[in-house]
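The structure appears right after this line, and notes come after that.
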Amino acid sequence: MRGSSETREQATTTAPLTGTPALLRLMLRRDRMRLSLWVLGIGLMGFYFAGAIQVVAEDEAQLAQMTTMFADPVGRLMTGPAYGMDAPSFERFYATGYILFLFILTALMSIFTVVRHTRAEEQTGRAELLRANVVGRHATLTAAALLVLLADVLVGLLVAAGALTAGYATAGSLLVGAATVAVGVFFAGAATATVQLSSSSRGASAMAGALLGLAYLIRMGGDMAEQGGSPLSWLSPLGWSQQTAPYVHDRWWPLLPLAGCAVAFLWLGYWLSTRRDVEASLMPSRLGRASARLSLGTPAGMAHRVLRGGLRGWTIALVLTALLFGSYAESMIDTADALPEEFAAVFSGDSMMLGYLAYIALFLALFVAAAGVSGLSQLRGEETHGRVELTLSAPMSRTRWLAAHLTVLLLGLGLMLLLTGLGTALGAVAVLGEDGAQHADDLVLASLHQAAPVLAIVGIVVALFGWLPRLAGPVGWLLLGYAAVMINFGSLLELPAVLEELNVFGHLARFPVEDVDWTPVLVLGGIGVVGIVLGAIGWNRREVAAA
C-alpha cells in the first residue's frame with residue numbers, strides 16, 4: 001500500500017514535460033534514417049526544381065511561351081494562383097508551378113512523423129512502458145512536436161538554399177522556405193489533435209490526410225476561378241501559403257494564419273490528451289457484431305476485414321477526384337488553341353481533350369498504386385504487431401495467408417481502376433454531352449490499361465516484403481514519388497533516357513490518343529507476377545516479424 005501511495009504521489013508531482021529531452025533523443029535515434037530521407041528528399045527536390053527550369057528554357061522570352069501551362073484555368077487548378085505569369089521570370093515560374101508539391105510533401109512528412117511517435121507508440125504498448133518511468137504527461141507529444149519542427153526547419157532551409165543557389169531573389173527565396181516550414185507546422189499541429197481522436201494510427205493519419213486533401217480541393221476551386229486566387233482560395237491552408245506570392249508581392253502576413261492555427265491545433269491536442277487514458281481515444285470504436293460472420297473463419301474473409309477500410313477510403317476519394325477532373329474536359333477544349341507546345345508534351349496527342357483525359361487516367365493510376373502500397377504496408381503492420389503469428393498458429397499455411405490478402409488487394413485495386421475510369425467518363429459526359437459519351441468506353445479502358453504498372457509496383461513491393469520487409473514500404477513510396485515527378489515534369493526537364501526508363505508508369509501508350517502497345521503491358525504485368533512469386537518464396541523462408 002505504501003509503494004502504491006508513493007507512486008500516486010510521484011505521478012501528481014511529476015511536471016508535465018519531465019523527460020522531454022530524453023524522449024526527443026530517443027525519437028531522433030529511431031528516426032535517424034527515415035526522417036533524414038524525408039528531409040534530404042524534399043530538400044534535393046527543391047534544388048532540382050529551382051535549377052531545372054533554367055535548363056528547360058534558355059531565356060525568359062522562351063519561358064514566356066510556357067506560361068499558359070500555369071496561367072490557364074486548368075494549370076491553376078493543378079499548381080496554384082499563377083502570380084506573376086503576366087511578366088514571367090525563372091523565379092516566378094518556379095514559385096508558381098513547383099513549390100506547391102514541396103508544401104504537400106512537407107505536410108505529409110509532418111503528419112506521418114507525429115502519428116508515428118504518438119498514436120502508433122500507444123498502439124504497440126511502448127507508450128505505456130515509457131510512462132511507467134518518470135515521464136510527464138505531455139512529454140511524448142512535446143518531443144514529437146519538437147522533432148517535427150526541427151525537420152520542417154531543415155526542409156525550409158534546404159528549399160530556401162536551393163532557390164538562392166539558382167540565383168533567385170533573397171526575399172522571395174526566404175519566403176518560400178518560411179512558407180514550407182509554416183505548412184509543415186500547421187499539419188503537424190493538426191496531427192497532434194487527430195491522434196487524440198482516433199484509436200489507431202491509420203485513423204489518425206487518415207483524418208489529418210483528409211484535412212490536407214480538403215485543403216487541396218478548396219484551393220483547386222479557388223485558384224481555378226480567378227488568376228491570383230478567389231475568396232475561396234483563402235479558405236485553404238495551402239492557399240494561405242501560396243498567397244504569399246514569392247518573387248511578386250513577397251507577402252509575409254499570410255503565414256500568420258498558418259502559425260496561429262498550428263498553435264491552436266497544438267493547444268487542442270494537449271487539452272484533448274488530458275481527457276483520455278493512454279491507448280484510449282476520444283472517438284469510441286464502433287461496437288462489433290454480437291457474433292462473427294462465417295466468412296471471418298476463412299483466410300479471404302479475414303483479409304477482407306483487414307483491408308476493406310483502407311480500400312474503401314481510397315476508392316471514395318479517387319472516384320470523387322475522377323468526377324472532378326473529368327468535368328474539366330470542356331476547359332481543355334476551350335483553351336486548346338492557346339496552349340503552348342510544352343503543355344502538349346504533358347497532354348499528348350492531337351486531341352487536347354483526349355490527351356488531358358489520358359493524362360488523368362495515368363495520374364489517378366498513381367494513387368491506385370499508392371493504395372496498393374498502403375495495403376501491403378498493412379500486411380507488414382499485421383506481422384510486426386504479432387497478429388500474423390497468432391493466425392499462423394491455426395492450421396493455415398503462410399502461402400495461403402499471403403495469397404488471400406493479395407487476392408483481396410488486387411481485386412480491390414482492379415475495382416478502383418474501373419470506378420475511377422467510370423468517374424472520369426461520367427464527369428466528361430456531364431459537361432460535353434454527346435461528345436463525351438462517344439469517348440466514355442475509351443476512358444474506362446484507359447483507366448484499366450494502367451493495371452499493368454499498378455501490378456508491377458505491387459509485385460516489387462511484395463518481393464521486398466518477402467526478402468527485405470523493412471525496405472518494402474519505403475521503396476514502394478519512392479517509386480511512386482519518382483513516377484509522379486516524371487509524369488508531371490519529365491517531358492519538361494529533358495532528363496537522360498536511363499532516368500526516364502526508371503519510371504514504371506512511363507512505358508505505356510497514352511490510350512486513347514495512342515494505340516495500345518501490348519509489349520510494355522506484358523512486360524510490366526510479368527514483373528508484377530514474378531515479384532509476387534519471389535515474395536511468396538521469401539515469405540515462406542524468413543522468420544515472421546523478421547527485420
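Since we're looking at a predicted model, the values are computed, not measured. Basis for what follows: all heavy atoms, side chains included, without hydrogens, waters or symmetry-related copies.
Here the side chain of Thr384 pairs a donor or acceptor atom with the backbone of Gly381 at under 3.5 angstrom. Under the 3.5 Å distance criterion, the side-chain polar atoms of Ser201 are left unmatched by any main-chain donor or acceptor of Ala120. The closest donor-acceptor contact from the side chain of Thr424 to the backbone of Thr420 lies under 3.5 Å. Side chain of Arg380 to main chain of Arg470: no donor-acceptor pair is present (N/O by atom type, distance under 3.5 Å, no hydrogens or angles).
In this model, a donor atom of one side chain and an acceptor atom of the other lie less than 3.5 Å apart for Tyr83 and Gln243. Looking only at atom types and distance, the side chain of Tyr247 has a donor-acceptor partner in the side chain of Ser173 under 3.5 Å away. Side-chain polar atoms of Thr142 and Tyr270 form a donor-acceptor pair below 3.5 angstrom.
Side-chain contact check for Val183 versus Leu102: every heavy-atom pair is 4.5 Å or farther apart. Annotation: side chain of Val176 is in contact with side chain of Tyr94 (closest heavy-atom distance under 4.5 Å). Within the 4.5 Å cutoff, the side chain of Thr20 has heavy atoms near those of the Leu146 side chain. For the pair Leu238/Leu212, a side-chain contact is recorded, criterion being any heavy-atom separation below 4.5 Å from C-beta on. For the pair Thr140 and Glu121, the minimum side-chain heavy-atom distance is 4.5 Å or more.
With values rounded to the nearest 0.5 angstrom, Leu364 atom CG is found 9.5 Å from Leu417 atom CG.
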Audit row: Phe265, Phe186, ring pair (Phe, Tyr, Trp, His ring centres under 6.0 Å) steps and yes/no: CA-CA 8 Å; Phe265 272 128; Phe186 174 91; 5.6 Å; yes
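For the side-chain contact (heavy atoms from CB on, under 4.5 Å) test with Leu479, the passing option among Leu502, Ile460, Val461, Val373 is Ile460; the others fail. Of the listed residues (Leu154, Asp152, Thr180, Thr106), just one forms a side-chain contact (heavy atoms from CB on, under 4.5 Å) with Ile42, and that residue is Thr106.
Under a cut-off of 6.0 angstrom, the local environment of CZ in Arg34 is sparse, with at most 12 non-hydrogen atoms contributed by other residues, nucleotides or ligands.
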